[in-house]
There are 2 protein chains.
Amino acid sequence: MNLKLDKIDRKILDILQSNAKITNAQLSKEIGLSPAPTLERVKKLENSGIIKSYHAKLDTDKIGMGVSTFVYVTLKGHNKQNIEIFLEAINKINEVIECHHVTGSGDFVLKIIAKDIASYQQLMLEKVSDISVVDNLQSMVILSTFKDSKVMPIPE
Amino acid sequence: MNLKLDKIDRKILDILQSNAKITNAQLSKEIGLSPAPTLERVKKLENSGIIKSYHAKLDTDKIGMGVSTFVYVTLKGHNKQNIEIFLEAINKINEVIECHHVTGSGDFVLKIIAKDIASYQQLMLEKVSDISVVDNLQSMVILSTFKDSKVMPIPE
DNA sequence: ATTAACTGCAAAATATAATTCGGCACAAAT
DNA sequence: ATTTGTGCCGAATTATATTTTGCAGTTAAT
């Protein structure tokens, strides 16, 4: 599978990142090709795994999930077994929508969403703090989000 | 506009969050309705703003953006004007894909992607550190991402 | 209770879009 | 020069979305 991306491919990726629901006909116009080769390129990008998936983005306030937070987690020991225990527990919690292993004094960064502060507190107390290998938690509540672009720049 | 979501709406949102490219026919099967009312519901969800947009998710490694980081930013003053100066500068940097105003001793959390560590360093030195109102920066490199679900739970 | 208005649904008809196919042009290799 | 491969286009075909019509259940007003 050839992964080299030309200018047109990058344009396609740009457009599909910001609007996945565009029709192939419209996409082909915007990149300056006819529908057939446009579709061919999109399929190639999908099959090669460059495009991993397509997702609907929801309004968190409107679905009643008004509270979003980042949580910095430190584990009791940084060994492999503890990490596995932690990840397994985290995977079961739907409100944890992101989990990243990071460098720095802490170990993990989580992104968590909740209905409100009360249910956030409950979630943290009952589910997250409760994970045996968790040593320390530091929460930051997101007051507002100014950028959440979903469009990554693509290097040449 | 009525924003009340019933069980079927929530199921639709669940499915579209994890797979936005499903056909209406298939979606209608999975929720147990015929295509017509299914489409009607999806359109309602779109028009009411509950579904904000649709996005392709790319493989960061395959597009050559292997480095992702969280950056914790403290401004020199927490006043409105400084925040505006900061946000304006941040908005121009494509590699900054997220920017959240958060509680805590610092002010903002950024998510930044870059080709590699070298270009990340260059980006930080030349563009981010350079913003006049930035006081302190603390970077955490993402070693690996275990969860990035794109599917938020929806309360009843 | 009876009617009217509304809502959500299904089935079929229609419109739109995706996909496939055949062939042409250019480029690289022999 | 000839072959081979790649990428493109236009047209035909197939699949899908969308609209329309009408029916049934629910609610509200008379």
Side-chain angles (χ1 to χ4, degrees), chain A residues 1-59 61-64 150-156, chain B residues 1-59 61-64 150-156:
Chain A
M1 183 67 63
N2 185 11
L3 294 184
K4 263 177 253 165
L5 302 175
D6 64 13
K7 211 172 175 179
I8 297 177
D9 289 322
R10 286 194 293 273
K11 207 167 176 183
I12 290 175
L13 292 174
D14 245 28
I15 293 169
L16 291 183
Q17 279 187 95
S18 69
N19 174 20
K21 271 296 181 70
I22 190 173
T23 64
N24 186 60
Q26 183 59 31
L27 179 61
S28 71
K29 269 186 206 165
E30 296 192 15
I31 65 172
L33 288 181
S34 73
T38 301
L39 189 67
E40 212 174 277
R41 279 168 179 266
V42 172
K43 292 295 170 200
K44 238 180 228 169
L45 292 167
E46 290 171 357
N47 293 335
S48 66
I50 291 172
I51 297 175
K52 287 165 86 170
S53 45
Y54 297 92
H55 305 274
K57 179 179 171 184
L58 308 189
D59 185 311
D61 287 337
K62 287 185 178 163
I63 61 170
K150 309 291 176 205
V151 182
M152 301 185 287
I154 298 162
E156 311 212 353
Chain B
M1 185 66 65
N2 184 11
L3 294 185
K4 263 177 255 164
L5 301 175
D6 65 13
K7 211 172 173 178
I8 297 178
D9 289 321
R10 285 194 293 273
K11 205 166 176 185
I12 290 175
L13 292 174
D14 245 27
I15 293 169
L16 292 183
Q17 279 187 97
S18 69
N19 174 21
K21 272 294 180 72
I22 190 173
T23 65
N24 186 59
Q26 183 59 31
L27 179 61
S28 71
K29 270 186 206 166
E30 296 193 14
I31 65 171
L33 288 182
S34 72
T38 301
L39 189 66
E40 214 174 90
R41 279 168 180 264
V42 172
K43 293 294 172 201
K44 239 180 226 171
L45 292 167
E46 289 171 356
N47 293 334
S48 66
I50 291 172
I51 296 176
K52 289 166 85 169
S53 45
Y54 296 92
H55 306 274
K57 179 179 171 185
L58 308 189
D59 185 311
D61 288 336
K62 287 186 178 161
I63 62 170
K150 309 293 177 205
V151 181
M152 300 186 289
I154 300 162
E156 310 211 353

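In what follows, every chain begins at residue 1, and chains take the letters A, B, ... in the order their sequences are listed. Worth saying up front: this structure is predicted, and the values here are computed from it rather than measured. The figures here come from the full heavy-atom set of this structure, side chains too, leaving out hydrogens, waters and symmetry mates.
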From NZ of B:K29 across to P of D:dT16 the rounded distance in Å is 9 Å
Looking across every strand, which nucleic acid part, if any, lies under 4.0 Å from A:T23 by heavy atom: base, sugar-phosphate, or nothing?
sugar-phosphate
If you define the side chain from C-beta out and look only at heavy atoms, does anything of B:S28 sit under 4.5 Å from B:P35?
yes
Taking atom C1' of C:dA18 as reference, at what distance in whole Å does atom CG of B:N24 sit?
15 Å
Set out, in order, the CA-CA distance, both residues' side-chain angles and the distance that settles side-chain contact (heavy atoms from CB on, under 4.5 Å) for A:L16 and A:I12, then state yes or no.
CA-CA 6 Å; A:L16 291 183; A:I12 290 175; 3.8 Å; yes
Please tell me if B:K43 has a side-chain N or O lying less than 4.0 Å from either OP1 or OP2 of D:dA17.
no
Whole Å only: how far is the CD1 atom of A:I22 from the P atom of D:dA17?
17 Å
Length of the line joining B:Y54:OH and D:dA17:P, which is rounded to integer Å
12 Å
Measure across A:G64 and B:P155 and return the closest heavy-atom pair with its distance rounded to 0.1 Å.
O-CG, 3.4 Å
Length of the CG-C1' vector between A:D6 and D:dG7, whole Å
10 Å
Is B:E40 salt-bridged to B:K43, going by a charged N under 4.0 Å from an acidic O?
no
For B:L45 and B:L5, work out which heavy atoms get closest and say how close.
CD2-CD2, 3.7 Å
Could you check whether B:A25 gets within reach of a base, just the sugar-phosphate, or nothing at all, counting any heavy atom under 4.0 Å?
sugar-phosphate
Please pick, from D:dC9, C:dT19, D:dT19, the nucleotide with the shortest atom-to-atom distance to any side-chain atom of A:L33.
D:dC9
Out of D:dA17, C:dA17, D:dC8, whichever nucleotide has its closest atom nearest the side chain of A:P37:
D:dC8
In whole angstroms, how far is the C1' atom of D:dT20 from the CD atom of B:E40?
12 Å
Residue A:I8, side-chain heavy atoms: nucleotide from D:dC9, D:dC8, D:dA17 that is nearest:
D:dC8
Side-chain N or O of A:R41 closer than 4.0 Å to phosphate OP1/OP2 of D:dG7:
no
For A:K4 and D:dG7, what is the distance between atoms NZ and P respectively, to the nearest whole Å?
11 Å
I want to check one thing: is the phosphate of D:dG7, taken as OP1 and OP2, less than 4.0 Å away from some side-chain N or O of A:K44?
yes
Between atom CG in B:D9 and atom C1' in C:dC9, what is the gap in whole Å?
14 Å
